[in-house]
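Worksheet for the structure shown next.
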Amino acid sequence: MEDGQLSFDNLSIIVTAIIIGTLARIWLLKEDYRQYPSYPNGYLIHVVTGFVAAALGAVAIPALISKNFVAVTFLTLALQQFRDVRKMEKESLNDLEETEYTYRGTAYVDGIAKTFEARNYIAFITALSVSLTITVMPFSFWIDIAIGILVGMLILLFLKNFTKGKRIGDIAQVEAGKIEVKDSSLFVDGIFVSNLLGTDNASKLVQDEGLAVVISPNEDHYRINLDNFGQRQAALFEATRALGNKRYHFTRKDYEKGRVVIALVPIKQDIDALIEVVKKCPLLESAKKSHRVMKTNWRGE
Amino acid sequence: MGRESTMQPNYTILAYVTMKKGRILTSSCLTLLAESKNTAKQMTVDIAKALKADVVQLTNGDYMIIRI
């Protein structure tokens with residue numbers, strides 16, 4: 001940085017780091033389609049915020065090297081920006097709560113918002129590591145760039161696996177449940193679920209078109225997670241979202257064996273899809289209490 | 001969807017349909033007396049449809065129309 005002009009080397013470092021950081025955000029964004037409300041606009045918003053996050057990470061090292069220590073204080077801006085991303089996401093999802101088939105629930109909304117915030121940190125850290133690596137490498141310019149990109153990708157892979165959460169299918173068995181309507185009460189595999197079926201129409205509809213799954217924890221202490229109201233609400237939300245909801249949706253826990261029932265009258269009659277979507281429902285961070293479940297799987301399996 | 005006892009109850013009783021006058025003591029909701037079982041059922045369905053609500057049939061035969 002001579003005479004206030006950015007040197008070619010610095011420019012290359014910054015541009016490379018921004019590209020890798022932004023690509024990191026785009027890569028992580030692809031996994032969000034299940035949770036994301038509006039694809040094109042949502043994609044654009046998050047790619048742009050990811051780009052800003054990557055830019056902040058990319059310029060930090062060149063700024064330090066040019067002894068521009070004041071410029072480094074803009075990192076606080078990064079933190080503020082990421083917090084705003086979380087806030088924006090939370091507000092957006094909360095605004096949609098009334099229009100969905102069922103509520104996501106505050107625990108699920110909080111988890112999604114945190115994930116979006118964390119993904120901006122990933123873009124930031126990836127860009128920062130690319131920038132740092134290229135700067136400290138002693139080889140020729142293009143080799144340094146190549147190593148920087150490689151290191152960035154490794155860091156990204158590590159962070160992706162580090163932040164990857166577990167799913168209901170990892171701690172429990174999810175199987176189809178047998179629906180029975182006795183008088184005006186709904187039972188699934190013998191577990192009482194609801195007595196809201198007070199009319200003949202309701203009984204007939206649930207009996208003919210209702211689908212249900214029973215979640216059985218693999219170990220007794222996993223009940224702590226599965227019994228969590230927010231967790232069950234999240235599973236129900238994913239079920240209604242995937243299959244639609246013609247009428248009625250219930251969750252109920254069985255105190256005796258710790259089983260959890262999810263029952264609904266879906267638009268799309270596909271029990272396999274229902275099982276799959278419940279299995280893939282993320283375990284909420286706020287519901288995690290067991291150390292075993294909290295343990296991060298570094299390989300991301 | 002049923003909520004846990006520890007959670008804030010999120011339901012409203014909109015109407016109660018009974019066939020026994022003695023069961024109507026006091027109520028903040030609409031309480032109706034039906035002449036027969038069929039009338040009670042029909043009234044319940046009509047009200048539930050109009051209010052887009054759910055129906056619970058109590059074991060004593062009365063109906064409660066609630067919204068969750």
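Lettering of chains follows the sequences in order, A, B, ..., and the numbering in each one begins at 1. Atom set for the values below is all heavy atoms of this structure, side chains included, hydrogens, waters and symmetry mates excluded.
- Distance CG/B:Asp46 to OG1/A:Thr199: 11.5 Å, rounded to 0.5 Å.
- Under the ring pair (Phe, Tyr, Trp, His ring centres under 6.0 Å) criterion, A:Tyr101 pairs with no residue at all, not counting sequence neighbours.
- Shown here are the side-chain contact (heavy atoms from CB on, under 4.5 Å) partners of B:Val56, two or more places apart in sequence or in another chain: A:Asn195, A:Leu196, B:Leu58, B:Met64, B:Ile66.
- You'll find the side chain of B:Asp54 reaches within 4.5 Å of the side chain of A:Tyr248, heavy atoms only.
- Taking A:Ala118 as the reference, nothing meets the side-chain contact (heavy atoms from CB on, under 4.5 Å) condition, with sequence neighbours excluded.
- Counting heavy-atom neighbours within 6.0 Å of A:Asp183 CG, excluding the residue itself, gives a total of 12 or less.
- Nearest heavy atoms, B:Gln57 versus A:Ser184: O-OG, 3.4 Å.
- Chain A is approached within less than 4.5 Å, heavy atom to heavy atom, by B:Lys41 from residues 29-42 of chain B, ordered by number.
- Distance CG/A:Asn201 to NZ/B:Lys49: 6.0 Å, rounded to 0.5 Å.
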